[in-house]
Every structure is written in C-alpha cells, then in structure tokens.
Amino acid sequence: MAAITLAALNAMDVPGFVAALDGIFEHSPWVAEAAATHRPYPTLAALHEGLMAAVEARPRGERIAFIAAHPDLAGKAARAGSIAAESVSEQAGLGLDRLSDAEFTRFEALNDAYRSRFGFPFVICVRRQTRDAVLAAFETRLANSPDEELAAALAEIGFITRLRLVERVEGPGAPPTTGRLSTHVLDTHKGGPAAGVKVELYEVGASGRARLAVRMTNADGRTGSPLLADAPLRIGTYELVFHLGPYFAARDLPLPERPFLDEVPVRFSIAEPEGHYHVPLVATPWSYSTYRGS
C-alpha cells in the first residue's frame, strides 16, 4: 500500500481515515474510527499516541477482546498463511513460518499454556526480537499476573503498530522505530585508527551462529556504514569478530611466527531495539579492550 501524508490523513473524512489505516491495528477498524475524532494530529508520534489512547480508553473486557483478535505466534494459522498480511510478513521475517516440526511443537505448547493462563494469544513485536529472545519472553511472561500481562501485551501492540504506522504514513515527528550498531578499531600501538581490519557480525543463538554482516575498516578505522541500521535492532546476543592477525602482519612488525592475537571475538547483548550500540575495539598486537560507546 502506497504511503500517505499525515496532512492528507488529517483532511480525510472518517471512512477515508479508517480505510487509510486499515491493517495497522489487527482486525480493529474501531481504533482508527475513535482516533479520527481528535484530529488534526501535528506529528506521527501524536497520531500513534491517539490511536493507542483509543485502545486504552476501552473497558478491560474490550481490551482483552482486542488482544484476542491477534494471531498466535507461529501457530497453525500463521503456518498456513491465513492471518493478516502484515502479521504474515512480520512472522516470516523471523523465520516463524519455516519452523521445524520440533520447533513448531514447542511454540504450540507455549501458545496453549499462555492462552490457558491469560485467555488471549501471546503478542510480541517480532521485528524487535531474535528467536531466542521471543522464546525467553514467552516463558518469562507466563509468570506475570493477568494485569501485568494485559499491560505487556498492549505495550507490544504499541511497538507493532508504531512500526506499521511509520511505514504507511509520511510526516513530521515520527516516533523512534530504528536502531543502529556500529564499530571502529583503534590501534594504540601506533596511536591511530586501524584501516583494513576485517570485521564480521554474527547473531548467536541456541541453534548456532548466523553471519549478518562483514565489513573492512576504512582510513578512520570505521566501517563506512553501520553494521545494522534502518530497522529495530533485534533483542538478543551478538558477536563481533575482529581479524587483527592479518592487520598487524601487514604492518611488518617484529611479531612471532604465531601472533598472540589473531581473531578477536567480542560477544555482547542488545536490549534496546531503538538504541545506538557502538562497540569499538582498542588493540595492540598483545592486548585489546572494548566498551559501549556512542
């Protein structure tokens, strides 16, 4: 669906406003209908706040019914592709439409346990999660009280709809929806940036490591472009591998035949999908350190 401007959206009649936002809130056109009465919205963030306020204003039973309109995560309907197009795309982005039989069985058991406890499906913004993080959140949230979980589910719907909204509507004051991961390498032996260092980024999970990016540092010791950007950073565990051996060998230093440092792995976690994580390496041929920078 083509993007529409916030100004055009503010100027529409109510049926047009509701139609333009169709699918942002799962099977719930009443959300847009209620929010339409509070126009004009000066920013995209204000529009999203108005839409969520329409949900929060409903009685508890109606909020529960609203959550219940969402599909199970990696459930039978998702596997068959018979859920809303936006949900199909979001779950597929995490590979939840391609689970093994054993993985599908685990998700089904968690879905059943969750529905039995709370009476509505487990909702999480999968675009902000790794698969391991989804499973961890599933099990952690099963221990919540009903009130805590109602609030948690609505917060996740807020994240889901915020992402959908900024992709559908163009305008000023968008809420934060993207994060950034970057790095640089500083060679403190020579007192300057390290150019020509190969850097690999991996996602680390229960099923192994998946390489997400590979870069070479430039004359500033940086990778030119961020390792991850233009989307939420997925909550989870990651590893940067810095190939220092070839870099220091190219400097023609008096090093032993088997250098002390070759590949240097730095494993870290991401917990803020809309945050900026800068994970640099400060190194000599015999030592290294890292930190979360800015």
Side-chain angles (χ1 to χ4, degrees), residues 92-96 98 100 125-136 163 174 176-294:
L94 196 56
L96 298 182
R98 302 181 298 279
S100 68
C125 183
V126 294
R127 294 170 69 180
R128 301 172 79 246
Q129 311 284 331
T130 59
R131 194 181 302 184
D132 282 8
V134 167
L135 289 169
L163 281 160
T177 56
T178 64
R180 184 159 51 106
L181 172 64
S182 57
T183 188
H184 76 266
V185 183
L186 180 64
D187 178 354
T188 53
H189 180 267
K190 74 170 187 177
V197 177
K198 180 181 175 181
V199 182
E200 296 176 291
L201 173 67
Y202 292 86
E203 180 188 316
V204 182
S207 59
R209 296 160 79 238
R211 192 168 78 168
L212 303 180
V214 58
R215 301 278 196 280
M216 296 292 291
T217 57
N218 58 22
D220 292 325
R222 302 181 182 275
T223 57
S225 60
L227 296 161
L228 296 175
D230 302 323
L233 302 177
R234 294 186 184 273
I235 295 169
T237 302
Y238 296 83
E239 185 175 276
L240 282 169
V241 179
F242 299 88
H243 293 257
L244 292 184
Y247 165 76
F248 283 119
R251 285 194 53 208
D252 199 25
L253 299 173
L255 300 174
E257 183 177 348
R258 297 183 65 85
F260 180 63
L261 294 179
D262 186 10
E263 295 181 8
V264 173
V266 176
R267 188 167 293 190
F268 59 99
S269 293
I270 285 176
E272 304 163 25
E274 293 78 34
H276 176 203
Y277 284 76
H278 185 66
V279 186
L281 193 76
V282 179
T284 76
W286 309 278
S287 64
Y288 67 88
S289 64
T290 188
Y291 55 94
R292 182 178 174 183
S294 61

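Because the structure is a prediction, the values reported are computed rather than measured.
- Across Pro232 and Leu163, no two heavy atoms sit closer than the pair CG-CD2, 3.7 Å.
- The closest side-chain heavy-atom distance from Leu281 to Thr183 is not below 4.5 Å.
- The CG atom of Asp262 sits 8.0 Å away from atom CG of Leu244, with the distance rounded to the nearest 0.5 Å.
- Counting heavy atoms from C-beta on, the side chains of Pro273 and Ile235 come closer than 4.5 Å.
- Heavy-atom minimum distance, Glu272 versus Leu233: O-CD1, 4.3 Å.
- The backbone N or O of Arg222 lies less than 3.5 Å from no partner atom in the side chain of Arg215, so there is not a single donor-acceptor pair.
- With a 4.5 Å cut-off on side-chain heavy atoms, Pro256 and Arg258 do not count as touching.
- Note that CZ of Phe248 is 9.0 Å distant from NZ of Lys190, once rounded to the nearest 0.5 Å.
- Applying the ring pair (Phe, Tyr, Trp, His ring centres under 6.0 Å) test to pairs two or more places apart or on separate chains, those with a residue in residues 264-294 are His184-His278, His189-Trp286.
- Taking OG1 from Thr284 and CG from Leu186, the interatomic distance works out to 11.0 Å, rounded to the nearest 0.5 Å.
- Under the side chain to side chain contact (heavy atoms under 4.5 Å, CB included) criterion, Glu200 pairs with Lys198, Tyr202, Arg211, Val214, Val241, His243, not counting sequence neighbours.
- With Thr217 contributing its side chain and Ala194 its backbone, the two residues share a donor-acceptor pair below 3.5 Å.
- Contact check for Thr237 versus Asp132: no side-chain heavy atoms found under the 4.5 Å cut-off.
- Rounded to the nearest 0.5 angstrom, Tyr238 OH and Leu212 CG are separated by 6.5 Å.
- Here the closest heavy-atom approach between residue Pro280 and residue Thr290 is recorded as O-OG1, 2.5 Å.
- Closest non-hydrogen pair, Pro193 versus Ala219, comes out as CG-O, 3.4 Å.
- In this structure, Glu274 and Arg128 have side chains that are in contact, with non-hydrogen atoms separated by less than 4.5 Å.
- Across every non-hydrogen atom of Asp230 and Thr178, the tightest pair is C-CG2, 3.6 Å.
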